[in-house]
A.B. asks: 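Handing you this structure, nothing more for now.
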Protein chains: 2
Amino acid sequence: MKDVAQHAGVSTATVSRVLNGHAAPTPETRERVLAAIEKLGYRPNALARSLRTTSTQTLGLVISDLLNPFFAEIARAVEDEARSHGYCVVIGNADESAEQEATYVRTLLDRRVDGLLLCPATDDPSLVREVSAGGVPLVLLDRTVRGATCPVVRADGSEALTALARRLVGAGHTRIGVIAGPPNTSTGRERTDVLTGSLGGLAQVVHGDFRQESGSQAAAKLIDDGATALVAMDNLMGLGALGEVRARGLQIPHDIALAVFDDQPWFPLLDPPITVIAQPTVEMGRAAARSLLALINGRQPDDVRLTAKLVLRGSLGEAEL
Amino acid sequence: MKDVAQHAGVSTATVSRVLNGHAAPTPETRERVLAAIEKLGYRPNALARSLRTTSTQTLGLVISDLLNPFFAEIARAVEDEARSHGYCVVIGNADESAEQEATYVRTLLDRRVDGLLLCPATDDPSLVREVSAGGVPLVLLDRTVRGATCPVVRADGSEALTALARRLVGAGHTRIGVIAGPPNTSTGRERTDVLTGSLGGLAQVVHGDFRQESGSQAAAKLIDDGATALVAMDNLMGLGALGEVRARGLQIPHDIALAVFDDQPWFPLLDPPITVIAQPTVEMGRAAARSLLALINGRQPDDVRLTAKLVLRGSLGEAEL
DNA sequence: CATACATGTGTAATCGATTAACTACGGTCT
DNA sequence: AGACCGTAGTTAATCGATTACACATGTATG
């Protein structure tokens, strides 16, 4: 910057003013400064600028797993929305581990992100409190924690789940295997509660960890126990369950019915296509980013609750008639 | 930091030494400082530290599309490797757009990442030159550019592609539709050249843009032209092609054979499972991160060339016998 | 013609860390 | 006792920007 100033025959203050679009500098001065910048290939140091202004124009996003397309889509939407407001997003991968999640959150805070979007790995509120105590704007996404005091953006699957339950029961299924998420996550618990509630005593629950492998294992156990229908509570466990069903040579929906929470681009391509409960991922991501930006700008956004929808495709068999 | 120093009755220099594990401070002083840090909940400002040390312990990774599982896996691997060396990764999504790619690269440079990993959207070397001119360590990943002067990490699919070609020809296919990547990307061009080369005059090429929609369109065109086998040059176009095949009610492999470049967890679950050329994504990501770290540490790593493998699963029909 | 005021630019403090150079202190050795 | 040395800790410069305040110049006003 000093070099630029020297080249243009002005002070660094003036260079800074030109850079920041202040009204002060003469068009002629501005011209000279811009020429010098161009000539020297100068690029301002964002670190220094942020240090001085205490604003990084950056949002932190901590998610459980980038390989999970559900989170990848959310990340993508967050990024789009943030970018359109001049913000950058730094993504942290927590790998469904509370410890790694905490590490990432702290790293992001150390780098002074202007705000944080968090999909908490567990419903333990201590990390959330730590962030809030630091005074950093925080919005929870997809999942919440016990006694959360910050805005939350999530999808409500209750309606879709009860509709699904009604169809399964109506089709005469009496042993319905539920491949549930971890009970210490809000989404894991809530979805399972709603579904088992609507299924009366027909549900048999096995808990997984939102990963493919656990989906296979849970499916195996449930099939062994005589389940005639499976409901996987997220797409990775759905993938695992599907693998197990195929490995056993069972036909969907003839031998067993299957429904999955979360949609995937390839679900319609299976034979039969898989019936799902689709979450509005893009909307969730955008809404979360907007809420966070609002918070950063001193407004107090409301919680956002979007609706997940049941998409019938055929993998339930007669239940879909 | 000043507060901590005051609390512990020392100067900020001493606090800094404790923080950075210098030998100087007495165990007793160290103890006092740590206590003060704990008590005040002090966390060092990474921006200030980086400004002073000119090192951010951060790598930039610019990829074409986070929603493409191929890149998501790479990102994940890069991150793992980087983290194990105490580095953070900031991911930028270029969306297969050269312009957005350039924007992201510049943003990352402005933030003074210690090194940059780039999957170039096109083979135009100007952006690469710009980065190199800035003296920032740079490694290219998956794709290269014309006259690249920096280390490159990529997968070689030639062997797998010729093997695939041999099988298709051997099975008597005479009209083989190739859904190619953009000709201005190195991977797009090379893969297509190798395959069409080995297919003699039997190949019919339609170019897509590495996205699902273009895969459907290309497949439609090729099927209309009487192709009896399709080869999609990346997984998203493969997904599109598969959709088109299904939409027309064609049976794989009876009516048409299909092979896809890039593997996906759900390909084995289709009926029949899809034959693919699998790239070692995790190895690619790790290798790229390692090369970049080497470069940052003043070493001069060699190019890395890993091997993609043909995985036969059944979607080629008799060609797989 | 002096005074007030607007305007464009420069000076220097500041953000929060690191670190070279210096000081103070105590202990050894002749 | 005096010279010398090692060690623990302080002072202050520095990284590269922003910005309050001061200053100089030019124009309008009484």
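Bear in mind the structure is a predicted one, so any value in this text is a computation, not a measurement. Chain A is the first sequence line, chain B the second, and so forth, proteins listed ahead of strands; every chain is numbered from 1.
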A.B. asks: Salt bridge between Arg76(A) and Asp95(B), side-chain N to carboxylate O under 4.0 Å?
C.D. replies: yes

A.B. asks: If you round to the nearest 0.5 Å, how far is CZ of Arg290(B) from CD of Glu81(B)?
C.D. replies: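 If we round to the nearest 0.5 Å, Glu81(B):CD and Arg290(B):CZ are 5.0 Å apart.
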
A.B. asks: Angle between the two end axes of the helix from dC1(C)-dG30(D) to dT30(C)-dA1(D), five base pairs per end, rounded to 10 degrees?
C.D. replies: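 Roughly 60° between the end axes, to the nearest 10°.
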
A.B. asks: With a 4.5 Å limit on heavy-atom distance, are the side chains of Val90(A) and Thr58(B) in contact?
C.D. replies: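 SC-SC contact between Val90(A) and Thr58(B) ruled out.
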
A.B. asks: In terms of side-chain geometry, is the basic nitrogen of Glu96(B) or Arg143(B) positioned less than 4.0 Å from the acidic oxygen of its partner?
C.D. replies: yes

A.B. asks: Taking C-beta and beyond as the side chain, do Phe70(A) and Leu236(A) meet within less than 4.5 Å on heavy atoms?
C.D. replies: no

A.B. asks: Give Thr53(A) one of three labels, base, sugar-phosphate or nothing, depending on what nucleic acid heavy atoms sit under 4.0 Å from its own.
C.D. replies: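 The answer is sugar-phosphate, as Thr53(A) gets under 4.0 Å only of primed atoms, P, OP1 or OP2.
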
A.B. asks: Are any of the side-chain heavy atoms of Pro44(B) and Leu19(B) separated by less than 4.5 Å?
C.D. replies: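 In short, these two side chains touch, coming nearer than 4.5 Å.
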
A.B. asks: Could you tell me from which nucleotide to which nucleotide of DNA chain C, 5' to 3', there is an atom under 4.0 Å from chain B heavy atoms?
C.D. replies: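 Span of nucleotides near chain B: dG16(C) to dA21(C).
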
A.B. asks: Determine, for nucleotides 5-13 of chain D in 5'-to-3' order, which nucleotides have protein heavy atoms under 4.0 Å from the base (write B), from only the sugar-phosphate (write S), or from neither (write -).
C.D. replies: ---SBBB-B

A.B. asks: Considering the options Glu99(A), Glu101(A), Glu130(A), which one meets the salt bridge (charged side-chain N to carboxylate O under 4.0 Å, His left out) requirement together with Arg106(A)?
C.D. replies: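 Exactly one option meets the salt bridge (charged side-chain N to carboxylate O under 4.0 Å, His left out) with Arg106(A), and it is Glu130(A).
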
A.B. asks: Is the shortest side-chain heavy-atom distance between Thr107(B) and Arg111(B) below 4.5 Å?
C.D. replies: yes

A.B. asks: Is there a side-chain contact between Arg286(A) and Asp80(A), using heavy atoms and a 4.5 Å cut-off?
C.D. replies: yes

A.B. asks: Flag the pair Asn45(B) / Asp110(A) as yes when at least one side-chain heavy-atom distance between them is below 4.5 Å, and no otherwise.
C.D. replies: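 Side-chain contact under 4.5 Å: no.
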
